[in-house]
A.B. asks: 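First the structure, then my questions, so here it is.
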Amino acid sequence: MPSLVTAIIKPFKLEEVRTALQSVGVLGLTATEVQGYGRQGGKTETFRGSEYKVEFVPKVKVEVLVPTSEVDEVITVIARTANSGKIGDGKIWSVDVAKVMRIRTGEFGDQAI
């Protein structure tokens, strides 16, 4: 059964995460620019001497479809690569996918990944 691993990471870590995933055999991923906030509740910026609060912080959502047997390895690779040691490094989670199909070939399940 396939699983979808989703990670919210800092934008400057995207290329490094992509390269690390390729090195462990992940053939594709989807990256989307997103905005959000976690425990920090946004951040404070200074512009021309004025301080203002940024409610939503820019992030990148990375989605990877993998066989369930590879979920732990993929999560470990993303966590190790995306970690800057600073607040706002993000989150990673996985969910089982009931059905997946490769449109071009009609393959289902792990063969469709």
Side-chain angles (χ1 to χ4, degrees):
M1 174 184 293
S3 292
L4 179 65
V5 177
T6 304
I8 305 296
I9 63 172
K10 292 181 175 180
F12 71 89
K13 288 289 193 173
L14 177 59
E15 188 59 31
E16 197 177 338
V17 167
R18 184 188 67 79
T19 302
L21 288 170
Q22 280 184 323
S23 75
V24 295
V26 173
L27 300 176
L29 63 78
T30 300
T32 311
E33 293 179 9
V34 295
Q35 297 181 44
Y37 64 90
R39 288 187 194 171
Q40 80 270 21
K43 65 181 180 177
T44 304
E45 297 276 339
T46 303
F47 180 72
R48 294 186 179 174
S50 296
E51 195 171 274
Y52 64 98
K53 184 166 183 171
V54 176
E55 299 288 338
F56 292 94
V57 180
K59 300 285 184 176
V60 173
K61 178 166 71 169
V62 176
E63 296 174 301
V64 183
L65 200 55
V66 297
T68 300
S69 61
E70 297 176 18
V71 168
D72 290 341
E73 179 183 22
V74 167
I75 288 174
T76 299
V77 166
I78 294 171
R80 182 181 64 239
T81 309
N83 184 354
S84 71
K86 297 186 175 148
I87 193 163
D89 275 346
K91 297 269 189 291
I92 307 169
W93 63 90
S94 71
V95 294
D96 292 335
V97 175
K99 192 175 269 192
V100 62
M101 175 189 181
R102 183 182 315 235
I103 295 171
R104 180 178 55 83
T105 64
E107 295 168 298
F108 281 93
D110 288 346
Q111 291 73 35
I113 296 176

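Counting begins at 1 with the first residue of the sequence.
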A.B. asks: Can you see which heavy atom on P2 is nearest to which on D110, and at what distance?
C.D. replies: N-OD1, 3.5 Å
A.B. asks: Does a side-chain heavy-atom distance below 4.5 Å link V71 with V66?
C.D. replies: yes
A.B. asks: Taking the side chain as C-beta and beyond, is there a heavy-atom pair between T30 and V62 under 4.5 Å?
C.D. replies: no
A.B. asks: List the residues meeting side chain to side chain donor-acceptor pair (under 3.5 Å) with R102, not counting sequence neighbours, and say none if there are none.
C.D. replies: E107
A.B. asks: Are V26 and V77 linked, directly or through intermediate hydrophobic residues, by side-chain heavy-atom contacts shorter than 4.5 Å (ILVMFWY only)?
C.D. replies: yes
A.B. asks: If I compare all heavy atoms of I113 with all of P67, which pair ends up nearest, and what's the gap?
C.D. replies: CD1-N, 3.5 Å
A.B. asks: Is there a path of hydrophobic side-chain contacts, each under 4.5 Å between heavy atoms of I/L/V/M/F/W/Y residues, joining I8 to F56?
C.D. replies: no
A.B. asks: Does one hydrophobic cluster hold both L4 and I75, with members joined at side-chain heavy-atom distances below 4.5 Å?
C.D. replies: no
A.B. asks: Can you find a heavy atom in the side chain of R18 that is under 4.5 Å from one in the side chain of L29?
C.D. replies: yes
A.B. asks: Evaluate the side-chain proximity of T6 to K61: yes if any heavy-atom separation is below 4.5 Å, no if none is.
C.D. replies: yes
A.B. asks: Side-chain heavy atoms under 4.5 angstrom apart, residues restricted to Ile, Leu, Val, Met, Phe, Trp, Tyr: same cluster for W93 and I78?
C.D. replies: no
A.B. asks: For a side-chain contact (heavy atoms from CB on, under 4.5 Å) check, start with the C-alpha distance between Q35 and V57, then their side-chain angles and the critical distance, and finish with the verdict.
C.D. replies: CA-CA 5 Å; Q35 297 181 44; V57 180; over 6 Å; no
A.B. asks: Using links of under 4.5 Å between side-chain heavy atoms of ILVMFWY residues, direct or through other members, which residues join L27 in one cluster?
C.D. replies: none
A.B. asks: Hey, could you give me each pair passing salt bridge (charged side-chain N to carboxylate O under 4.0 Å, His left out) that has a residue in residues 66-84? Not counting sequence neighbours.
C.D. replies: none
A.B. asks: Considering non-hydrogen atoms only, spot the tightest contact between A20 and S23 and give its length.
C.D. replies: O-OG, 2.6 Å
A.B. asks: Is there a path from V64 to V60 through hydrophobic residues (I, L, V, M, F, W, Y) whose side chains come within less than 4.5 Å of each other?
C.D. replies: yes
A.B. asks: Please find the pair of heavy atoms, one from D96 and one from M1, that lie closest to each other, and give the distance.
C.D. replies: CB-SD, 3.6 Å
A.B. asks: Taking all atoms of both residues into account, what is the closest heavy-atom pair of P58 and P11, and its distance?
C.D. replies: O-CD, 3.6 Å
A.B. asks: Does anything in residues 20-32 pair up under salt bridge (charged side-chain N to carboxylate O under 4.0 Å, His left out), and if so which pairs, sequence neighbours excluded?
C.D. replies: none
A.B. asks: My understanding is that only residues two or more places apart in sequence, or in another chain, count here; which of them pass side chain to side chain donor-acceptor pair (under 3.5 Å) with S84?
C.D. replies: K10, D89
A.B. asks: Once rounded to the nearest 0.5 Å, what's the spacing between atom OG1 of T32 and atom CD of E63?
C.D. replies: 5.5 Å
A.B. asks: Name all residues meeting the side chain to side chain donor-acceptor pair (under 3.5 Å) criterion together with E33; count only those two or more places apart in sequence or in a different chain, and write none if there are none.
C.D. replies: none
A.B. asks: Applying side-chain hydrogen bond (donor to acceptor under 3.5 Å, both in side chains) to T68 and S3, what does each step give before you reach the verdict?
C.D. replies: CA-CA 5 Å; T68 300; S3 292; 2.9 Å; yes
